[in-house]
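Since the structure comes first, as C-alpha cells, the remarks are kept for the end.
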Amino acid sequence: MGGGGPISPIGAAGRASQYKGGMTTSVMFIAVVAASGGLLFGYDLGVTGGVEASDSFLSKFFPGTYEAKQAAADDYNPYCMFDDQLLALFTSSLFIAGMVMAPVASVVTRKWGRKVTMLMGGLWFLLGSTLNAAAQNLAMLILGRICLGFGIGCANQSVPLYLSEMAPSKYRGGLNMMFQLATTIGILVAQLINYAVQDWDEGWRLSLGLGAVPACILTLGSIILPDSPNSLIERGKNEQGRKVLARIRGTQQVDAEYEDICEAAASATKVTHAQAWRNLFRRHYRPSLVLATWIPTFQQWTGMNAIMFYVPILFSSLGTGQKGALLNAVIIAGVNLISTFVAILLVDKAGRRKLFLSGGLQMFTAQIAVGILLGVSFSTYNTSNLPESITYVALVLICIFVAGFAYSWGPLTWLVPSEIQTLETRSAGFSLSVSMNFLFSFVLGQCFLTMLCSMEYGVFLFFAAMVAIMTAFVFVLVPETKGVPMEEIYTVYCEHKVWGKVIGPEAVEATMALAATNSGSMALAAAEMALAKPSPKFSHSTTKSTPRGSEDAAPDAAAADALPVSKE
C-alpha cells in the first residue's frame, strides 16, 4: 500500500454479521477507567478561565491585565477588558505543546501500544499540574502548561482510539463518548472548584494543582488495563490479542472478528509508520484524510472552546462581577454534562449524521441570537454594567449553544476520526486529527480575546457563519458509520455517492469483491451447517431481514447478507 501498482482491497469486509458477544462488565470497566483521560482535557478547559478571572492570579502574573480590569472609566470597551497576548499565551501554549506531542504519541501508539501512550499522558499531566500549582513566575507557569499539553496530546491520541477498538461495533459510539463525558465532568468539577476557592488567598494554586487527581487515575488505569486486541495483533501478539478479545466480548466465539482484525493487521504490517503517513495522501485514502483534517478543524471554529476558556471573563465583561461570572460558568458546565448524556443515549440509535446536523442548526441559531442581543444591548446602554435581564438572556442562549455542541460536535469530533481509518493508517490518521484539533485550539485560544475586542458582538456572528459551513460539509461529505465494524469502514466510502467517485473504481471494485468473497464464504459455511442441522428457528424471511452488523445474527443469516447494505 506504500506505492503504485495494482489496487489491493483495503480493510476487511463481509463478516460483520458473524461477530459474537456484546456489552460486558469488562468493557464497561475498561471504558470508565480509560475515559478518565478525558478528565485531563476537561479539567484544564474548565479551570483555565476561572483562574484567569482571579484577581490574585492576574496581579501576580499579568499585572497589566489586572490594572485594566480595575479600570472603571465609563468609556472603557468591555469587549477589550482582557485583551492581553501573554494571558492568551497562558491558555494557548498547552495546545501548541499538544500538537507537537501528537505525532510522537502516534509513533508510540503504533510501536508499543495504546497503554504506553496513556501512561505517558498521565505522567506528563502530573508533572504539569505540580509546576503550575507551585509557579513563582510566568516562565514556570508556561513550562507547566507545556507539560500539560504533552500529557493531553498523549491522552487525546490514545484514549478515543483505545475505546473504539475495545468496544463492540454495536456500542462503539456510546462507549467512545465516555471520553467526552469524562471531559464534561472534568469541566464541571473545575468550575465548581474555581467557585469554591474564589475568596481564598491564592486559591488558584489549589485549582491548578488538583489536576494531578485525574492524572493519577489515568496513570494507574493505564497500568492495570489490557491493551486493545487490534494493537496486540498488529504487534504480532496474536494469541494474547485473541484472549483479550474473548474476555472483553464475553465469549470464545470470536473467530470472525479475530480473523478480520488479523487480516487488517497483516495489511498494516506491510507499511512503516512513514508509509502510513504517505498513504493518507494517496487518492484511495482521500476520504480519511479530508475527514480527519476538517472535522477537528471545524470543531474549533464552532467557538465552543473559546467560550469555555473565557466564559468567566466574558461574563465579567458583561458586569456580573467575579462571583456571578464563576456561577454562570458552573451552570454552563452543568448543561454541557447533561447534554453529553443525550449524545451517549442517541449516538448508536440516531446515528452520527443526525446529531451533527441537528446540533449544527441549534448552535447556529444560538450564536446568531447572542450576537444580536449583545450588539443591541451595548449600543443601547453603552456600559459594561448591563441590566440583569440581558445577562440572564445571554446565559440562556449560551446554554442552548453549549447543549447543541455537547451532543454533536463535542463528542463526535473524537468519535468519528477514531473510527474512519483503516488499520493501515489508523494511528497516523488519528494523530493528524488530534494535531489539527490542537493547532486550531492554539489559534483560537491565542486570537479569541483580540477577536472579541476588534469584532465585538460580531465574533458570535462569525462563529455562526462557520457553523453553517461545517453543517453543509457534514451533509455532503460525512458518511454514517453507526454500527459499522472498524475493519469494514472502507466499504462505507466505496458505497458513498461522493467518496466512491473520489477514491476511484479500481479501489471500489477490489474492496467490494473482497466483501462479496468473505460474505460468500461465510454464507456457504452457514448453508452447510443449516443443511446438516436444520432449525425451524430461522426461516427464510427472518434471515433475509437480518440487519448487517447484528451481534445476534444466526449463522445462516449471512446468506441473505452477501453484499453490504448501501449507506449514504
*Thinking salt bridges, do Glu165 and Arg114 make one under a 4.0 Å N-O criterion?*
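Yes.
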
Between [X] and [Y], what is the shortest heavy-atom contact and its length?
X	Y	answer
Val197	Ser207	CG2-OG, 3.4 Å
Gly371	Leu461	CA-CD2, 4.1 Å
Val335	Ala403	CG1-CB, 3.9 Å
Ala102	Gln157	O-OE1, 4.1 Å
Leu141	Asn132	O-OD1, 2.9 Å
Pro479	Arg353	C-CD, 3.9 Å

Polar side chain donor-acceptor pair, [X] to [Y], under 3.5 angstrom:
X	Y	value
Tyr407	Gln362	yes
Thr109	Thr117	yes
Gln300	Ser441	yes
Glu52	Thr91	yes

Please confirm whether the backbone N or O of [Y] pairs with a side-chain atom of [X], one donor and one acceptor, at under 3.5 Å?
X	Y	answer
Ser288	Ile420	yes
Arg205	Ala135	yes
Ser433	Pro417	no
Ser36	Val32	no
Ser59	Ser56	yes
Thr471	Val467	yes
Trp301	Phe463	no
Thr302	Gln299	yes

Distance, nearest 0.5 Å, that separates [atom1] of [X] from [atom2] of [Y]:
X	Y	atom1	atom2	result
Trp204	Thr48	CH2	OG1	13.0 Å
Phe281	Asn279	CZ	CG	11.0 Å
Leu291	Gln421	CG	CD	8.5 Å
Ser339	Gln180	OG	CD	11.0 Å
Asn156	Met101	CG	CE	12.5 Å
Thr413	Met470	OG1	CE	9.0 Å

_Of all pairs that satisfy ring-ring contact (aromatic ring centres under 6.0 Å, His included), the ones with a partner from residues 351-375, not counting sequence neighbours_ =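 Non-adjacent pairs meeting ring-ring contact (aromatic ring centres under 6.0 Å, His included): Phe356-Trp409.
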
*Within the 6.0 Å centroid threshold, strictly below: Phe438 and Phe442*: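 Not under 6.0 Å, so no.
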
_Centre-to-centre under 6.0 Å for Phe90 and Phe61, is that the case here?_
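Distance test on ring centres: not under 6.0 Å, no.
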
*Intermediate values then yes/no, side chain to side chain contact (heavy atoms under 4.5 Å, CB included), Val402 and Met363*: CA-CA 8 Å; Val402 169; Met363 289 189 293; over 6 Å; no

Could you tell me if the side chain of [Y] sits less than 4.5 Å from the side chain of [X], heavy atoms only?
X	Y	result
Leu432	Met436	yes
Val474	Trp294	no
Val478	Phe473	yes
Leu94	Asp44	yes
Tyr285	Ile503	no
Leu131	Cys147	yes
Asn194	Gln191	yes
Pro411	Val347	no

*What residues, two or more places apart in sequence or in another chain, satisfy salt bridge (charged side-chain N to carboxylate O under 4.0 Å, His left out) together with Arg352?*
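For Arg352 the salt bridge (charged side-chain N to carboxylate O under 4.0 Å, His left out) partners, ignoring immediate neighbours, are Asp348, Glu419.
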
*asked:* Just to verify, which of Val189, Leu126, Leu40 counts as forming a side-chain contact (heavy atoms from CB on, under 4.5 Å) with Pro214?
replied: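 So, applying the side-chain contact (heavy atoms from CB on, under 4.5 Å) to Pro214 and each of Val189, Leu126, Leu40, only Leu40 qualifies.
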
*Report the C-alpha separation of Gln367 and Phe462 in whole Å, then their side-chain angles, then the decisive distance to 0.1 Å, and conclude whether the side chain to side chain contact (heavy atoms under 4.5 Å, CB included) test is met.*
CA-CA 9 Å; Gln367 290 274 35; Phe462 168 79; over 6 Å; no

*Would Asn336 and Met304 satisfy side chain to side chain contact (heavy atoms under 4.5 Å, CB included), going step by step from the backbone distance to the final call?*
CA-CA 11 Å; Asn336 191 25; Met304 174 62 179; 4.2 Å; yes

When the side chains of residues 181-188 are checked against the rest of the protein, which donor-acceptor pairs come out under 3.5 Å, sequence neighbours left out?
unit_1	atom_1	unit_2	atom_2	d
Thr183	OG1	Gly38	O	3.3
Thr183	OG1	Phe179	O	2.9
Thr184	OG1	Leu181	O	2.7

Can you classify the ring geometry of [X] versus [Y] as parallel (below 30°), tilted (30 to 60°) or perpendicular (above 60°)?
X	Y	result
Phe57	Phe62	tilted
Tyr493	Tyr490	perpendicular
Phe95	Phe41	perpendicular

_Over 12 non-hydrogen atoms of neighbours within 6.0 angstrom of NZ in Lys60_ =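 Yes.
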
*Test log, rule side chain to side chain contact (heavy atoms under 4.5 Å, CB included), inputs Ile295 and Val290*: CA-CA 8 Å; Ile295 289 176; Val290 171; over 6 Å; no

